[in-house]
*Asks:* 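There's a structure below that I have some questions on.
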Amino acid sequence: MTTTFARRSAALLACAAFGFATSASAQDKTVTIGVLNDMSSLYADIGGPGAVAAINMAVEDSGIRAKGWKIEVISGDHQNKPDVGVNIARQWIDTQKVDVIADTPNSGVALAVSNVVKEKNAVLLNNGGASADLTGKACNANTISYTYDTYMLANGTGKALTKAGGDSWFFLTADYAFGAALERDTSAVVTANGGKVLGGVKHPLNTSDFSSFLLQAQNSKAKIVGLANAGGDTTNSIKQAAEFGIVEGGQKLAALLLFINDVHSLGLKTAHGLTFTESFYWDLNEGTRAFSKRFQDKVANKAMPSMTQAGNYAAVLHYLKALDALGGNPHDGAKVVAKMKEIPTDDPLFGKGPLREDGRRIIPAFLFEVKKPEESKGPWDYYKLVATIPAEDAAKPLKDSECPLVKK
């Protein structure tokens, strides 16, 4: 009798304790966001401190602090090294209770950190890492890619230039995961549209001398020289291509990933005529203009936001919306990402669009061309719209997905 009573009492106490823990968890309204990117090297302009500014704007605009939430934003420099990125991510999650890691330009870092958040059940809001593998064969329930990927770039710029007569290609490729994925995806599009890949050469990340690589491209006689690189590597290769007279010699440069910061660095005299694909431009509509003017006032260099900085704003805004819908922070990354996929996405920069089961945000992309100096009406007026790529064409179809989360 006494034993039975003791057991019942213990069970009641356990249930009460469980209920208290569940209730306490539901009421936990603290979250720490870690911004992990390149703060000092070739990708600093497209992410860097600007990404931190954009994320702080998202926290402000969410209105979540007025509901009793405590949000902390910290940042770290991964130095474009996967091992450094992994060490920072692990330290953040283990000792600083970071719930979500954002940005991660450099696909090698992004892929490595994606494995960490899966292991630790945190969240990765990838906006900088371009490899389509992040929502393909390397996808997981804790990672989303919000802004763009190599499939989008290939099916924008690669398809347009091939169909316009650029049916022979030679690639200058950054020698790491991003470059390999971009060359792979663009090559597939080129050949699918009747073109040929005549060859390619890999260059070290953040190199200063492209002369030998450009000579190989020139000697290939390819109509299109595809630049499968980004940031400082792209601007340096374009500047040096001008010195070699590659465009004057009849070849065309395809900047497969170009950001507004790159165009600003190059200047319209050098960059005009470049064709490229992005999912964001500050002057697209009233929503993008209003955000961009606010952003410009908050950053030290007074630059307009890059596509990835804008993506960080939108991704964090949606992440916080999901947390608010859950009524508290469960500190369960997979659960939060599932909620993000469940509720509608809608923001002033990218509009409405589903967040698919593979973690890819589905939004339109735009084929742009850089204006001539005389076409620009003022500072940062750099792009003219060539074509809009429908959302369903800007991401790899689910029927072709290699993501293990996709039910077929």
*Asks:* Which of these passes side-chain contact (heavy atoms from CB on, under 4.5 Å) with V31: V336, L323, V98?
*Replies:*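 The single option meeting the side-chain contact (heavy atoms from CB on, under 4.5 Å) with V31 is L323.
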*Asks:* Would you say the side-chain atoms of N127 and T308 include a donor-acceptor pair closer than 3.5 Å?
*Replies:*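 The answer is no; no qualifying pair exists.
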*Asks:* Can you classify the ring geometry of F213 versus H203 as parallel (below 30°), tilted (30 to 60°) or perpendicular (above 60°)?
*Replies:*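 Rings of F213 and H203: tilted, 30 to 60°.
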*Asks:* I'd like to know whether NZ of K221 has more than 12 heavy-atom contacts from other residues, nucleotides or ligands below 6.0 angstrom.
*Replies:*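 No, NZ of K221 has 12 or fewer neighbouring heavy atoms, counting only those of other groups under 6.0 Å.
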*Asks:* Other residues, nucleotides and ligands only: do more than 12 of their heavy atoms fall within 6.0 Å of NZ on K202?
*Replies:*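 Open: at most 12 neighbouring heavy atoms sit under 6.0 Å from NZ of K202.
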*Asks:* Of I101, V73, V316, I74, which is the lone residue that meets side-chain contact (heavy atoms from CB on, under 4.5 Å) with V35?
*Replies:*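 So the option named by the test is V73.
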*Asks:* Are there more than 12 heavy atoms of other residues, nucleotides or ligands under 6.0 Å from atom NZ of K302?
*Replies:*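 Counting neighbours around NZ of K302, more than 12 heavy atoms of other residues, nucleotides or ligands fall under 6.0 Å, so yes.
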*Asks:* Compute the centroid of each ring, for F291 and then for Y313, and state whether the two points are separated by less than 6.0 Å.
*Replies:*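 Centroid separation for F291 and Y313: below 6.0 Å.
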*Asks:* Side chains of T104 and N37: do they bring a donor and an acceptor to under 3.5 Å?
*Replies:*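 Checked: T104/N37 side chains show no N/O donor-acceptor pair below 3.5 Å.
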*Asks:* Say whether H78 and D38, considering side chains only, have a donor N or O and an acceptor N or O under 3.5 Å apart.
*Replies:*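 The criterion, which ignores hydrogens and geometry beyond distance, is not satisfied for D38 and H78.
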*Asks:* Say whether, by atom type as modelled, one donor and one acceptor occur between the side chain of Q218 and the main chain of F244 under 3.5 angstrom.
*Replies:*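 Flag set: sc Q218 to bb F244 pair under 3.5 Å.
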*Asks:* By the side-chain hydrogen bond (donor to acceptor under 3.5 Å, both in side chains) test, which pairs, at least two apart or in different chains, include something from residues 40-49?
*Replies:*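 The answer is S40-D77, S41-N206, Y43-Y176.
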*Asks:* Within the 3.5 Å criterion, strictly below it, is a donor on T150 or D185 matched to an acceptor on the partner's side chain?
*Replies:*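 The criterion, which ignores hydrogens and geometry beyond distance, is satisfied for D185 and T150.
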*Asks:* May I ask you to check whether N329 and D28 show a side-chain donor-acceptor distance below 3.5 Å?
*Replies:*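 Their side chains do not contain a donor-acceptor pair, so the 3.5 Å distance test is not met.
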*Asks:* Do F276 and Y383 have ring centroids that are under 6.0 Å from one another?
*Replies:*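 Aromatic pair counts; centres sit under 6.0 Å.
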*Asks:* Please tell me if the side chains of I144 and L124 come closer than 4.5 Å, counting only heavy atoms from C-beta onward.
*Replies:*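 A side-chain contact under 4.5 Å is absent here.
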*Asks:* What residues form a salt bridge (charged side-chain N to carboxylate O under 4.0 Å, His left out) with D262, not counting sequence neighbours?
*Replies:*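 With sequence neighbours excluded, D262 shows a salt bridge (charged side-chain N to carboxylate O under 4.0 Å, His left out) to no residue whatsoever.
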*Asks:* Tell me if the NZ atom of K371 is crowded by more than 12 foreign heavy atoms within 6.0 Å.
*Replies:*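 More than 12 heavy atoms, drawn from other residues, nucleotides or ligands, come within 6.0 Å of this atom.
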*Asks:* Would T135 and S145 count as having a side-chain donor-acceptor pair, cut-off 3.5 Å?
*Replies:*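 No, no side-chain donor-acceptor pair sits under 3.5 Å.
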*Asks:* Report yes or no: do D358 and S401 form a side-chain donor-acceptor pair below 3.5 Å?
*Replies:*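 Looking only at side-chain atoms, S401 and D358 do not form any donor-acceptor pair under 3.5 Å.
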*Asks:* Any luck finding a side-chain donor-acceptor pair between D332 and N121 under 3.5 Å?
*Replies:*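 Indeed, the side chains of D332 and N121 share at least one donor-acceptor pair under 3.5 Å.
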*Asks:* Going by atom types alone, do T143 and S114 pair a side-chain donor with an acceptor below 3.5 Å?
*Replies:*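 Yes, S114 and T143 have a side-chain donor paired with an acceptor closer than 3.5 Å.
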*Asks:* Mind checking what makes side chain to side chain contact (heavy atoms under 4.5 Å, CB included) contact with P397, not counting sequence neighbours?
*Replies:*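 For P397, the residues satisfying side chain to side chain contact (heavy atoms under 4.5 Å, CB included) (neighbours in sequence not counted) are Y151, K399, D400.
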*Asks:* Is it true that a side-chain atom of E357 and a backbone atom of K407 form a donor plus acceptor pair closer than 3.5 Å?
*Replies:*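 Yes; at least one donor-acceptor contact below 3.5 Å.
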*Asks:* Can you name the one residue among V247, L274, L161 that meets side-chain contact (heavy atoms from CB on, under 4.5 Å) with K252?
*Replies:*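 Looking at V247, L274, L161, the match for K252 under the side-chain contact (heavy atoms from CB on, under 4.5 Å) is L161.
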